[in-house]
Number of protein chains: 2
Amino acid sequence: MPVPVRSPAGSPEDLRSSLHGRGQRLTPQRQRVLSLFERLGEGRHLSAEEVHQRLLQAEERVSLATVYRTLRLLSSMGMLQELELPEGGRRFELGGDHHRDHHHLVCVRCGCTEEFENPAVLAAGEAAASLHGFRLLECVLNVRALCPRCAQAEPNAT
Amino acid sequence: MPVPVRSPAGSPEDLRSSLHGRGQRLTPQRQRVLSLFERLGEGRHLSAEEVHQRLLQAEERVSLATVYRTLRLLSSMGMLQELELPEGGRRFELGGDHHRDHHHLVCVRCGCTEEFENPAVLAAGEAAASLHGFRLLECVLNVRALCPRCAQAEPNAT
DNA sequence: GCTTCTCAATACTGGCCATTGTTGAGAAGC
DNA sequence: GCTTCTCAACAATGGCCAGTATTGAGAAGC
């Protein structure tokens, strides 16, 4: 039974540590597969063969067998979600808790975090993306701050 | 005593790579000094002795000589700014380009980035901070996206 | 046809070690 | 008094290596 993976497919480093936690390794192939889904965005679902083809097109060769293995692995880690189609054949898409915008309040002193949402942030991200011609995938706002407890411990009032 | 959950995103890794780029090392002492200034926020300026004392209070022992060396180092790297007081004695504060909100558009495919600003983001951060009783230090919005060139290369319309 | 298995070749990791940048105390300089 | 220098002790890194998870091709299973 796989370990509970809390953080969605975020940074490359997240994937690495998730894998290491299970004594597994981060390989270019695994990165390529996950990265492909991240580039596609959330709604998209692909079959193993499609993943294989797309990676080939992107000049990121990964053998079909490895694609299958990796899809299964990433699913078991919760980073991908498996869809069983009635017509036969399976599809995969980005894991469920992948909000396009999820934000964190991080205490720089003790490291504790709070999560929050705010549509205004996504709007700002979309505005900037559109201004520069980018296609937005995900917005992550990190607010570096001091939590109530640590703020009290710090002997200074700015 | 607070329990560290995960390292605050932002500068820990930045500092490391900046140092490595110069063939220098990331040590706990350097982290402590920089971290102290980050906790203080932007307006604050401290003398070497004050830094030393505050670190002692925080049970983060760093020798005075090292404090001096580190302050000089961080200044030369632009992470701190040196203020020469007319009365004699120098003070240090967080480097200038440390905006309380600076945001990035990052292409997840080629890695290129664009920077932008948007007061709405800072507002959102402040709202969240205030809601949870946090004292905001800095807002960093990371928009994961595809740049125009890479968006074109990706053969899919979501 | 889609998916998994086999097995030799490959390569990611963690551990260990030498290199050399850093630190701590106290002396020395200004 | 504030800041820098000296030097032995310390420790962050990079390189190297063995251990072993992973990959690629093709065969085999469903």
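Each chain gets a letter, A, B and so on, in the order its sequence line appears, and its residues count up from 1. Quick caveat, the model's predicted, so the values are computed rather than measured.
- Applying the side-chain hydrogen bond (donor to acceptor under 3.5 Å, both in side chains) test to A:Arg91 and every residue at least two apart in sequence or in another chain returns nothing.
- Residues satisfying the side-chain hydrogen bond (donor to acceptor under 3.5 Å, both in side chains) test with B:Glu114, not counting sequence neighbours, are none.
- Residue B:Arg69 is in base contact, counting any heavy-atom pair closer than 4.0 Å across all strands shown.
- Listed here is the closest heavy atom pair of A:Arg39 and A:Leu137: O-CD2, 3.5 Å.
- Between the P atom of D:dC2 and the CD atom of B:Glu50 lies a distance of 11 Å, rounded to the nearest Å.
- Ranking C:dT3, D:dA21, D:dC2 by closeness to the A:Gln24 side chain, first place goes to D:dA21.
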Show your reasoning for whether side chain to side chain contact (heavy atoms under 4.5 Å, CB included) applies to A:Leu56 and A:Arg61. CA-CA 5 Å; A:Leu56 284 184; A:Arg61 192 158 203 325; 4.2 Å; yes

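- Contact annotation: B:Ser63 side-chain N/O to C:dT23 OP1/OP2 distance is not under 4.0 Å.
- Contacts of A:Ser130 classified as side-chain hydrogen bond (donor to acceptor under 3.5 Å, both in side chains), with partners at least two apart in sequence or in another chain: none.
- In terms of phosphate contacts, B:Thr27 brings a side-chain nitrogen or oxygen within less than 4.0 Å of OP1 or OP2 of C:dT23.
- For B:Glu115, the side-chain hydrogen bond (donor to acceptor under 3.5 Å, both in side chains) criterion is met by no residue, not counting sequence neighbours.
- Across the protein-nucleic acid pair, A:Leu73 atom CG and C:dC12 atom C1' stand 14 Å apart, rounded to whole Å.
- Listed pair A:Arg61 / D:dA25 meets the phosphate criterion, a side-chain N or O lying under 4.0 Å from OP1 or OP2.
- Between the side chain of B:Arg25 and the base of C:dT20 there is at least one donor-acceptor pair of N/O atoms closer than 3.5 Å.
- Within the 4.0 Å cut-off from OP1 or OP2 of D:dA21, not a single side-chain nitrogen or oxygen of A:Arg22 is found.
- Taking atom CG of A:Leu26 as the reference point, atom C1' of D:dT23 lies 14 Å away to the nearest angstrom.
- Listed by first then second residue, pairs satisfying salt bridge (charged side-chain N to carboxylate O under 4.0 Å, His left out) with a partner in residues 67-80 of chain B number zero, not counting sequence neighbours.
- When the P atom of D:dC5 is taken as reference, atom CG of B:Leu64 falls 14 Å away, rounded to whole Å.
- When the P atom of D:dA21 is taken as reference, atom CZ of A:Arg72 falls 16 Å away, rounded to whole Å.
- Nearer to the 5' terminus of DNA chain C, by closest-nucleotide assignment, is the contact made by A:Ala48 (compared with the other of B:Thr70 and A:Ala48).
- Dashed line: the shortest gap from a side-chain N or O of B:Tyr68 to OP1 or OP2 of D:dT3 is under 4.0 Å.
- Between the CG atom of A:Leu19 and the P atom of D:dT20 there is a distance of 19 Å, rounded to whole Å.
- In this entry the distance linking CE of A:Met77 with P of D:dT22 reads 10 Å, nearest Å.
- Spacing between atom CZ of B:Arg16 and atom P of D:dG14 amounts to 9 Å, rounded to whole angstrom units.
- Contact annotation: A:Gln29 does not reach the phosphate of C:dA11 (side-chain N/O to OP1 or OP2, under 4.0 Å).
- For the helix from C:dG1-D:dC30 to C:dC30-D:dG1, the end axes, each set by the C1' atoms of five terminal pairs, are bent relative to each other by 60° (nearest 10°).
- Heavy-atom minimum distance, B:Arg30 versus B:Gln24: NH1-CB, 4.2 Å.
- For the OP1/OP2 pair of C:dC2 and a distance below 4.0 Å, the side-chain nitrogens and oxygens of A:Arg90 include no atom meeting the criterion.
- Listed pair A:His20 / C:dG14 meets the phosphate criterion, a side-chain N or O lying under 4.0 Å from OP1 or OP2.
- Residue A:Arg30 places at least one side-chain N or O closer than 4.0 Å to OP1 or OP2 of D:dT22.
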